[in-house]
Amino acid sequence: MRKIISLGLLWITVLFSCTDQQRVSPPAQKLTDNLEIQGRPIRVVTTIGMIADLAKNIGGEMVEVTSLMGTGVDPHLYKASAGDVTLVSQADLILYNGLHLEAGMSGVLERLSDQKPNQVLAVTKNIDRLKLTAPPEFAGAYDPHVWFDVTLWTNVAETIRSALVKLMPSAEAHFQTRAKKYILQLEDLHIYVKEKATQIEASKRVLVTAHDAFGYFGQAYGFEVRGLQGISTATEAGTADVRNLAQFIADRKIPAIFVESSVPRQSIEAVQAAVQARKFEVQIGGELFSDAMGNPDTKEGTYIGMVQHNIDTIFDGLTGNN
Amino acid sequence: MQVFLYLFSDYTLRTVAIGTAILGIVSGALGSYAVLRKQSLVGDAISHAALPGICLAFLITDSKAPFVMVVGASLAGWLGILVVTAIVRNTRIKEDAALGIILAVFFGVGIVLLTLIQKMPNANQAGLDKFLFGQAAALLERDIKTMGIIGVMVIGLTLLFWKEFKLLCFDPAFGASLGFPMKILDILLMTLIVMAIVIGLQAVGVVLMSAMVVAPASAARQWTNRLAFMVCLAAFFGAMAGITGAVISSTAAKIPTGPMIVICASIIFLFSLAFAPNRGLIWRLRLKKVKFDLETTEVDSG
Amino acid sequence: MPINQSSSAIEVTDLTVAYQEKPVLWDIDMSVPPGVLMAIVGPNGAGKTTLIKAILGLVRSTSGQMLIYGKPYQQQRHIVSYVPQRGSVDWDFPTTVKDVVIMGRYGALGWLRRPGKQEKKLASEAMEKVGILNLENRQISQLSGGQQQRVFLARALTQDAQIYFMDEPFQGVDATTERAIVSLLQQFRQEGKTVVVVHHDLQTVSDYFDWVTLLNVRRIASGPVDAIFNESNLRQTYGGRIGFLKTEQEMSKPQVLTEPTL
């Protein structure tokens, strides 16, 4: 019996040393300043799905995009697995949101930046910091949920386009055309959301969700925004938070509150129960996509579809069109 | 304190406090048996072992309904205990090592499953990791009902088999000689402990539940030498920790409830450790001093 | 003198008990007539406790058959009383003397039923008989070794059994307790009960017991004390690590010099 156990332990140790990623991953292209891809699509790996969607739309057939975080995954809590590290080590371009969104991956991203200095890119880096908000509870860091202001996301699209052009200058025209086309769509989207928002009565334009993901949305489209948990879902909502939010909802007689796909439903249900105890009926207006998009192959699995779905759901919920 | 009045007026606090009180009572009472049998590590092992059960239950049923989670967690915790018993009976590995192994292996498998679920394109999977640390503020009435029903069953069975469990814990050889099937009683008691742990997972989470099994019972032991009183006192301490933790965490925003409950339980334990009569440290120090004084005075007068 | 099988109190045939290939008891045959006070003696590790536990079904035996008054132990539990070693129990457990003594009635109560007035009365009688009634509400950790042993005895008394198995009851007890145990044993003999005692003190075997079994993994010898408890058998049991002090007056009674250990 003892023999079997020691053999087993030895075997496990050997196994573990063999799978050490540092030694197994094939050496990527030589780390030069001017990496150029020719003859094959650019291998792009992104963290959140929204960035992947952008990269696909701008790159077309010149890119091969994989997203580490899938549907319904919470980027604040996500930790990279060993398989992710392999994927990433073979990528030509690594795109992440930055602004501490991918808190669980910060170590991995830092190491990658050291290894591949010009291939790891925080897509928010060109956004004018004056346009970002720095909420006090987030310890002076910026609110990372920039994709809900379509104009900010347009800036991100331009950043990605530039990065792709740098990696494959021969396809510059291709990227420029596609980016232009897509940005036009984004501008249309921005107008759509704005108009829909104005159709909601000003006093009812209050968006209550599971966490503070919609700050920029509120700023851009005229909503007062409240979340149960803070900027990051890593914190636990306390009873005081539930109580205060429930009181707020009951006082302002807000018709609907919203759950998010990447955050457990239960916390919003608890808020609803607390509001009901205050003798006010608030509906759960529907599910919004906050930190992750919907299922792939659905409309909500794209950025544009997701934003549209969100504003439509918010509209229906707050105007009582259920 | 004005904030305690909120217990009655605020719906959320009331709901959470009832839930954490049930948790405290059941884990305190059953924890007494674990502590007396020197199986305190069991609480830790079972609560960590529950994680893969929760993940598998989700993978199989695609649902995060409380009932499903409870069943998954119980089966996994139970399986963990069976494996521990098998290891202890059939190898030379002692119980504490076996419990440690099960804790690590099961929990590791649970984390792997969580990571796997993260990778799946299923929009429903958010929040399974909340079972790691609990989310007491999100307790709903239906959760309280589930906890209450299971809690009543567990306490009921404990009362029903009171003398049998006393025999099991104190003198199992004698009990076996009387004809009681000690192995079956052992499994029954273990099952009740598993249930006690599982109902608390939603509120305080996997990592902290072990404290709720050990702290109230150890605190109660300091105050009494009678089993019945110890179990009741442990339940009482558990409830106190639960309610106080819930209340304190409600006073300010962003104080997590689960850890606060465990802090309260620890304070109760430390207080009992220091101040209980006869077994408390302060008492014992004073007794030593009295003895010393006595001896020195005798010498003087002699 | 051959003993009729069906009339022995204990009948053990071919008993072997092994823990992980190490034999603890090997091919034991033993026949104990009813109404005797029997001592089981042997060096440490001889398997004395295991023998009792095997007869009571508390340890698994590799082979062998054990009958108590002609039937296997499962059918005879109501007439059997087992007094384990004092050290096998955690005396820090939160319970009182009375509580432990009442445990003796659990077998008769069966599943789920609680001890009531009747059980408390029987317990009080038993406690008085061994002289610990005044301690009934005391926590068991506050007792001396001898008092603890008497708690176990009182518990055994409440069982009102026909055959008693005791594991080293005389170990580490004071004189009062020793006298109490001996008087109890005498009473049992008068009542025709059978008592089997794992005994550690060779000096007192012939004083207290009328039957003896010498054990060292195998059964060395078994029978009446006068016939069996002699120098040659003892040498065989203890492997030569035993001394005999022969005084002029008591040449016929072997006395042991040292307590041999394996």
Side-chain angles (χ1 to χ4, degrees), chain A residues 1-2 5 49 68-74 77-84 137 210 228-230 233 235-247 259-278 287 289 291-298 300-301, chain B residues 3 6 9-17 20 64-66 90-93 111-112 114-143 202 204-205 245-260:
Chain A
M1 184 67 194
R2 248 190 243 152
I5 293 179
L68 290 181
M69 303 183 198
T71 329
V73 172
D74 185 336
L77 304 177
Y78 183 83
K79 284 194 174 41
S81 65
D84 291 345
E137 318 91 54
L228 175 61
Q229 286 172 278
T233 51
T235 56
E236 183 190 318
T239 23
D241 305 317
V242 173
R243 177 173 63 238
N244 293 337
L245 191 56
Q247 196 58 46
V259 296
E260 299 172 33
S261 69
S262 56
V263 178
R265 243 190 114 89
Q266 188 140 345
S267 41
I268 286 293
E269 286 175 354
V271 172
Q272 183 186 32
V275 173
Q276 280 167 344
R278 285 163 172 74
E287 185 181 61
F289 296 100
D291 289 350
M293 303 190 296
N295 283 322
D297 304 332
T298 62
E300 294 81 10
Chain B
V3 72
Y6 267 135
S9 62
D10 179 42
Y11 169 84
T12 311
L13 181 56
R14 205 166 53 226
T15 315
V16 171
T20 53
K64 287 200 309 281
N90 295 316
T91 74
R92 294 182 120 164
I93 297 177
I111 295 290
V112 167
L114 267 186
T115 316
L116 214 83
I117 292 175
Q118 262 185 141
K119 285 261 160 238
M120 287 169 42
N122 185 334
N124 203 15
Q125 43 109 315
L128 273 185
D129 46 8
K130 285 292 172 214
F131 274 97
L132 280 176
F133 291 102
Q135 194 168 53
L139 283 175
L140 301 169
E141 259 184 40
R142 62 160 190 258
D143 301 319
Q202 250 192 320
V204 293
V247 168
I248 293 180
S249 85
S250 76
T251 54
K254 314 290 189 268
I255 298 184
T257 314
M260 199 63 229

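Convention: sequence-line order gives letters A, B, ...; per-chain numbering from 1. All values below come from the heavy atoms of this structure, side chains included, with hydrogens, waters and symmetry mates left out. Small disclaimer: the values here were computed from a predicted structure and weren't measured.
Ranking B:Leu140, B:Val112, B:Thr115, B:Thr15 against chain A, the residue ahead of the rest is B:Leu140, based on heavy-atom pairs under 4.5 Å. Note on B:Ala137, B:Ala246, B:Gly258: by heavy-atom pairs under 4.5 Å with chain A, the leading option is B:Ala137.
A 6.0 Å sphere centred on CD of A:Gln276 holds more than 12 heavy atoms belonging to other residues, nucleotides or ligands.
Here the OG atom belonging to A:Ser267 is positioned 11.5 Å from the CG atom belonging to B:Leu139, to the nearest 0.5 angstrom. Separating the CD atom in B:Gln135 from the CD atom in A:Gln229 is a distance of 5.5 Å, to the nearest 0.5 Å.
Pairing each heavy atom of A:Thr239 with each of B:Ser250, the nearest pair is OG1-CB, 3.0 Å.
With A:Arg243 contributing its side chain and B:Asp10 its backbone, the two residues share no donor-acceptor pair below 3.5 Å.
Heavy atoms closer than 4.5 Å to chain B are found in the backbone of A:Leu228, but not in its side chain.
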